[in-house]
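I have placed the structure first, in the form of C-alpha cells, so that the comments after it can refer back to it.
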Amino acid sequence: MDVLRAREVPLTSEYDIARARQMVRAWALEISLGLVDQTKIVTAASELARNTVVHGGGGAMFLELISSEQRKGLRLTFKDNGPGIPDIQVAMEDGYTTGGGLGLGLSGAKRLVNEFVIKSAEGEGTEVILIKWKLVTHD
Amino acid sequence: MEKIPIIKIDRFLLVSIQVDMHDNLALSLQDELLTKITATGAKGVLIDISMLDIVDSFIGRILGSIAEMAKILDAEVVVVGMRPAVAITMVELGLSLEGIRTALDVDKGIKLLNTVLDERENIDGRVTR
C-alpha cells in the first residue's frame with residue numbers, strides 16, 4: 001500500500017470536529033468518491049473525531065490518501081492519549097456509551113467504512129483506523 | 001457569534017440550517033428554538049436540513065431531543081429536506097430518528113403539520129389557529 005499524501009489535523013476542541021469533517025470531505029472529493037460513500041466516511045470521521053475530543057481528551061486525526069492495486073482510498077487514523085477503553089468488545093456494541101450519547105459512535109462508524117481497526121488499553125489511549133476504498137468500476 | 005435564524009410564519013416556526021453545525025451551535029439552536037416556541041406560542045416547527053451534508057449521532061440526538069421537548073411545550077416538529085445520501089448513512093450508522101416526523105420539503109412539511117394540528121383540534125376541541 002502506498003501513501004500518496006498525508007496530513008495531520010489536530011483535534012482539541014469541538015471546532016476541530018467540524019474542521020476534520022471538511023478536510024475529509026475535500027479529500028474524498030479529490031478521489032471522486034461517490035456521494036453516498038463521501039457521506040459515510042465524513043459521518044464516520046465526525047463520530048471518531050468527537051470521541052477523540054470528548055472521551056480521549058483531545059488528540060489528532062491523520063488523514064492519508066492511499067493506493068493499492070489500482071484503487072485509491074482514504075485512511076483516517078484517530079489517536080488520543082486519553083483513559084483508553086478497558087473492554088473493546090463491549091465498547092463496540094450498539095448502545096455502549098460513557099458520554100451520555102446514543103452509543104452509536106464506534107459500532108456505527110465501523111458499518112460505514114471498509115476497514116476498521118481499534119487499538120486501546122486502559123490508561124494507554126486509543127487509536128482507531130478507518131479505510132474507505134473507492135470502488136473500482138470496470139467499463 | 002454564528003446564529004441560525006428562526007422565522008415565524010403563521011402559527012409555525014421555520015429553521016433552515018445553512019451552515020456546517022458544530023456541536024455548540026446545535027446546542028444553542030436547541031435552547032433558542034424552545035425559548036421561541038414558548039414566546040410565540042407556535043404550534044409547529046419545521047427544521048429544514050436540506051443543506052446539511054451529514055447527520056451524525058450528535059445531531060441526530062439534538063433533533064430527537066428538540067422534538068421531544070417541543071412536544072412538552074405543545075408544538076409538533078417536522079424535519080424536512082433530508083438528502084438521500086444522508087438518510088442512507090443514518091440508517092447504517094444506526095440512527096432511526098424514532099418519534100420524529102419527516103417530510104420531503106418545506107411545502108410538504110407545512111401540509112403535514114396542518115393535518116396533524118387539525119386532527120388534534122378535532123380530537124380535543126382545542127383552538128390552535
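Below, chains carry the letters A, B, ... as their sequence lines are ordered, and counting in each starts from 1. We use all heavy atoms of the structure for the numbers below, so side chains are in, but hydrogens, waters and symmetry mates are not.
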- Query: Does a salt bridge link A/Asp37 with A/Lys132, judged by any charged N lying under 4.0 Å from a carboxylate O?
  - Reply: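 Looking at A/Lys132 together with A/Asp37, the answer is yes, because their closest N to O distance falls below 4.0 Å.
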- Query: Any ion pair linking B/Asp74 and B/Arg120 (charged N to carboxylate O, less than 4.0 Å)?
  - Reply: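 Result for this pair is yes, salt bridge flagged.
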- Message: Let me confirm one number: the OG1-CG distance from A/Thr43 to B/Leu93, rounded to the nearest 0.5 Å.
- Response: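 The OG1 atom of A/Thr43 sits 7.0 Å away from the CG atom of B/Leu93.
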Heavy-atom cut-off 4.5 Å, strictly under: side chain, backbone, both or neither for [X] against chain B?
{"X": "A/Arg21", "value": "side chain"}
{"X": "A/Ile17", "value": "side chain"}
{"X": "A/Gln38", "value": "neither"}

- Residue part contacting chain A, namely of B/Met21, when any heavy atom lies under 4.5 Å: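 The backbone, not the side chain.
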- Check: A/Glu47 side chain, A/Ala109 main-chain N or O, donor-acceptor pair, under 3.5 Å: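 Not a single qualifying donor-acceptor pair exists.
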